[in-house]
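Worth knowing before you read on, the calculation uses all heavy atoms, side chains too, and leaves out hydrogens, waters and symmetry mates.
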Amino acid sequence: QPQLVESGGGLVQPGGSLKLSCAASGFTLDGYAMGWFRQAPGKEREGISCVARDGRTYYIDSVKGRFTISRDAAKNTVYLQLDNLEPEDTAVYYCATDELNICLWGAVKAGVNDYWGQGTQVTVSS
């Protein structure tokens, strides 16, 4: 059974850092582009970053320079390093596969056949 499990969320003060992990089981992430999404209270889910199959990365403007996406094939895991966090970053963070490699075109999307994790809460507050 293909599965994605996020971890690493928590409560952090403004300016702090967290590293989110997205571990896959039941399939190999190597064959997929991967995306990170978030949903803040009362807002729609938004794609914030992705890594294409060839390793190219994309970030939306609001997180560029603060967040870093990476992947570790040996661990079958994708990461999102969150630095210089702001209260506006408070949200549930999700990872998802991007089977169609849409990331190459500078968009963070997941299709109907893609896999999603259950999410991890990130709260930025003093």
Side-chain angles (χ1 to χ4, degrees):
Q1 180 80 2
Q3 191 175 17
L4 293 172
V5 177
E6 300 98 335
S7 61
L11 173 64
V12 63
Q13 292 186 341
S17 297
L18 287 171
K19 187 172 185 177
L20 307 184
S21 299
C22 170
S25 60
F27 71 105
T28 303
L29 287 180
D30 263 2
Y32 292 86
M34 292 295 298
W36 280 96
F37 301 76
R38 67 185 179 187
Q39 187 165 20
K43 295 187 177 181
E44 292 188 356
R45 186 162 56 191
E46 64 172 346
I48 58 173
S49 180
C50 60
V51 53
R53 288 186 195 138
D54 65 359
R56 274 181 274 185
T57 58
Y58 170 78
Y59 303 89
I60 60 172
D61 286 346
S62 61
V63 307
K64 198 176 297 183
R66 300 188 299 120
F67 293 4
T68 305
I69 191 170
S70 62
R71 62 197 306 165
D72 185 331
K75 295 184 178 180
N76 211 24
T77 299
V78 174
Y79 303 97
L80 188 68
Q81 176 70 40
L82 316 177
D83 294 317
N84 195 19
L85 282 160
E86 303 169 352
E88 294 74 22
D89 296 317
T90 295
V92 179
Y93 284 70
Y94 302 87
C95 63
T97 57
D98 170 10
E99 182 184 26
L100 299 180
N101 207 19
I102 295 171
C103 184
L104 272 183
W105 284 271
V108 189
K109 301 287 185 184
V112 294
N113 294 323
D114 281 304
Y115 307 126
W116 287 85
Q118 82 291 346
T120 185
Q121 176 71 46
V122 172
T123 303
V124 185
S125 175
S126 55

Can you check whether Leu82 reaches Val124 side chain to side chain, under 4.5 Å on heavy atoms? no
Is Val112 isolated, or which residues cluster with it under the ILVMFWY side-chain rule of less than 4.5 Å, directly or via members? none
Using a 4.5 Å side-chain heavy-atom cut-off and chaining through intermediate ILVMFWY residues, the residues clustered with Leu104 come out as Trp105
Sorted by chain and residue number, the salt bridge (charged side-chain N to carboxylate O under 4.0 Å, His left out) partners of Asp54 (sequence neighbours excluded) come out as Arg56
Do Asn76 side-chain atoms and Ala24 backbone N/O form a donor-acceptor pair below 3.5 Å? yes
Using only atom types and a distance under 3.5 Å, with no angle test, would you say the side chain of Ser49 pairs donor to acceptor with the backbone of Tyr58? yes
Salt bridge (Lys or Arg N to Asp or Glu O under 4.0 Å) contacts in which one or both residues fall within residues 89-114, not counting sequence neighbours: Arg38-Asp89, Arg66-Asp89
Please find the pair of heavy atoms, one from Trp36 and one from Cys22, that lie closest to each other, and give the distance. CZ2-CB, 3.6 Å
Calculate, to the nearest 0.5 Å, the distance between atoms CE and OG belonging to Met34 and Ser70 respectively. 11.5 Å
Residues which pass side chain to side chain donor-acceptor pair (under 3.5 Å) with Asp61, listed by chain and number, not counting sequence neighbours: Lys64
To check you understand the geometry: which heavy-atom pair defines the closest contact between Ala110 and Trp116, and what is its length? CB-CZ2, 3.5 Å
Going by side-chain contact (heavy atoms from CB on, under 4.5 Å), name the residues that satisfy it together with Arg53, two or more places apart in sequence or in a different chain. Asn101
Measure from the side-chain N and O atoms of Arg45 to the backbone N and O of Tyr94, and report whether any donor-acceptor pair falls under 3.5 Å. no
With a 4.5 Å cut-off on side-chain heavy atoms, are Asn113 and Tyr115 touching? no
Connected hydrophobic set around Ile102, excluding itself, where side chains approach under 4.5 Å: Leu100
Quick one, Tyr59 and Thr68 - any side-chain contact, counting heavy atoms below 4.5 Å? yes
Does Tyr32 have any ring-ring contact (aromatic ring centres under 6.0 Å, His included) partners at least two apart in sequence or in another chain, and if so, which? Phe27
Contacts of Phe67 that satisfy ring-ring contact (aromatic ring centres under 6.0 Å, His included) - sequence neighbours left out: none
Given the rule that I, L, V, M, F, W and Y join up when any side-chain heavy atoms are under 4.5 Å apart, are Leu29 and Tyr79 in one cluster? no
To the nearest 0.5 Å, how far apart are CG in Leu20 and CD1 in Ile69? 10.5 Å
Among all residues two or more places apart in sequence or in another chain, which pass the side chain to side chain donor-acceptor pair (under 3.5 Å) test with Thr123? Gln121
Show me the donor-acceptor pairs, under 3.5 Å and distance only, between side chains in residues 2-18 and residues at least two apart or in other chains.
from, atom 1, to, atom 2, distance (Å)
Glu6, OE1, Gln118, N, 2.8
Glu6, OE1, Gly119, N, 2.8
Glu6, OE2, Cys95, N, 2.8
Glu6, OE2, Gly119, N, 3.4
Ser17, OG, Asp83, OD1, 2.7

Only pairs at least two apart or in different chains count here, so list each disulfide bond (SG atoms under 2.5 Å apart) that has a residue in residues 46-87. Cys50-Cys103
